[in-house]
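Taking it in order: structure first as structure tokens, then the write-up.
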Amino acid sequence: MSATATVVPSTNGKPHDSFTMYDSSPTFQMARRQLHSVGEVLNVDEGILDRLSVPKRAMVVSVPVRMDNGEIEVFSGYRVQHSLTSGPSKGGLRYHPDVDLGEVAALAMWMSWKCGIMNLPFGGAKGGISCDPSQLSFGEKERLTRRFTEEVLAIIGPRQDVMAPDMGTDEQTMAWIYDTYSMKVGYACPEIVTGKPVELGGCIGRREATGRGVTYCILEAMKVLDYQPEESTAVVQGFGNVGSVACQELAQRGVKIIAIGDRFGAIRNDRGINIPALLAHVAKGKLLHEFPEAEPIDSSELLTIPCTVLLPAALERVIHGGNANKLRCRILAEGANGPTTVEADEILQRSDIFIIPDVLCNAGGVTVSYFEWVQDIQQLMWSEDMVNQKLSELMLRAFHRVLDLARQRRLTMRTAALSLGVLKVAREKERRGLYP
Ligand code: NAD
């Protein structure tokens, strides 16, 4: 193990010390409050709840990188494994300036519930490097990724912990991790990551999987609420992997995308934004808000525009106590992880907004990651039709399990979804018992 790495055991008999390590992060506080509110509904054993309240393991590493100008810059990197009870841990790797230990720990916890809801044989994990990827050259990103992989080598592996893309990372990032890990172990090991390029053993349809899964959930919610896609509108925050694919999929089914925002600005066109034209515009390296076929608007207006579907697909905690009662959507589809704070959730419970919670809505990514991992281990390849058909089947099954539980027990969709996820992990922990 590298000298810069610190492995932090999660409990070590002092769970409350561990809380403080993560608790400075509002995102982690939010994840833990969600868990405890579900724990009360479910009557989960307190000892198990304590174990689930903190990650199993966290690693903090310093990642020195020689920049293109010859100077050395040291970045902070994190890998957090929330649970290893159900199988290897699984979760994305995020490159963003705001990444910190608490945020990564919260995202790892949500991954555990997500895998539980989808019945996947994984625990939750997440990683991140505090950096601004838009300011790094291709070579700097490669050196950063390879060195980070080396630093966390002791705790990753195809049966231990498998990474995937998240905000700020992509197929190329996964290709570098795959190559670095394979060089270390001495053989090609594609199952060390998912979301790789297809030519390296990636799964056809993985890149689009999260946005597609989001779309399947939205269309199912429309059926439940008796809305026609062709008569519906959507507002989308984030035009990266999740947001852009969801925009394409929704637009193909007749939903009018009337406003989109990203990190640099936002645009609106009430007649419907031409998504293929916008994709071609950004593919040329131009800014979203300079798209000539829509009006630039202030980003702060985006989330409160009246629409059928509001789809946050960027950051956490963008819907909070200050703006929740201003939302004017019928369906809130949480493509991003943790976009709604606990305070906002309480406000929204008093509205008629139908919420598709993040742990269900964006679970398409980890589901197709599971397909990829299985294909790599078995050394075979599914067709795109098979991937999409299986994805749709699993997403709709999970959607209806959540909806049925919510209706039977008079729970919100979020509490129902979290309950299914937490119960699965809690039951597995109970059955396995506590070692030694
Ligand atoms: P991405 O990096 O491809 O895109 C992120 C988008 O968010 C970009 O358009 C960026 O400009 C925008 N953004 C960043 N900061 C913003 C700000 N302050 N205001 C408005 N927009 C902002 O990331 P992604 O993979 O699409 O992930 C988006 C969200 O979906 C994240 O919460 C991620 O955790 C979640 N998610 C992603 C996947 C996946 O498979 N990629 C799976 C599950 C969940």
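Numbering of ligands and ligand atoms starts at 1, following listing order.
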Q. Nearest to atom 43 (C) of ligand 1 by heavy atom, Val368, Val236, Asn362, Val282: which?
A. Asn362
**Q.** Proximal ligand 1 atoms for Ala336, defined as those under 4.0 Å from one of its heavy atoms
**A.** 29 (C), 30 (O), 32 (O)
Q: Tell me, please, which residues at least two apart from Tyr227 pass ring-ring contact (aromatic ring centres under 6.0 Å, His included).
A: none
Q.
Please verify the inter-ring angle class for Trp113 with His82; under 30° counts as parallel, over 60° as perpendicular, anything in between as tilted.
A. perpendicular
Q: State the atoms of ligand 1, each with its element, that fall below the 4.0 Å cut-off from a heavy-atom position in Gly335.
A: 30 (O), 35 (C), 44 (C)
Q. What part of Thr210 sits under 4.0 Å from ligand 1 if we count only heavy atoms: the side chain, the backbone, both or neither?
A. side chain
Q. Which ligand 1 atoms does Gly168 reach within 4.0 Å, using its non-hydrogen atoms?
A. 2 (O)
Q. For ligand 1, which atoms have a heavy atom of Asn337 less than 4.0 angstrom away?
A. 32 (O), 33 (C), 34 (O), 35 (C), 36 (N), 44 (C)
Q) Counting heavy atoms only, which part of Ala313 comes closer than 4.0 Å to ligand 1: side chain, backbone, both or neither? A) backbone
(Q) Suppose I only count heavy atoms of Arg206 and a 4.0 Å limit; which atoms of ligand 1 are within that range? (A) 40 (O)
Q.
Tell me every residue that passes salt bridge (charged side-chain N to carboxylate O under 4.0 Å, His left out) with Asp270, counting only those two or more places apart in sequence or in another chain.
A. Arg268
Q: Heavy-atom distances under 4.0 Å are what count here, so tell me which part of Leu315 touches ligand 1: side chain, backbone, both or neither.
A: side chain
Q) For ligand 1, which atoms sit closer than 4.0 Å to a heavy atom of Arg94? A) 31 (C), 32 (O), 33 (C), 34 (O)
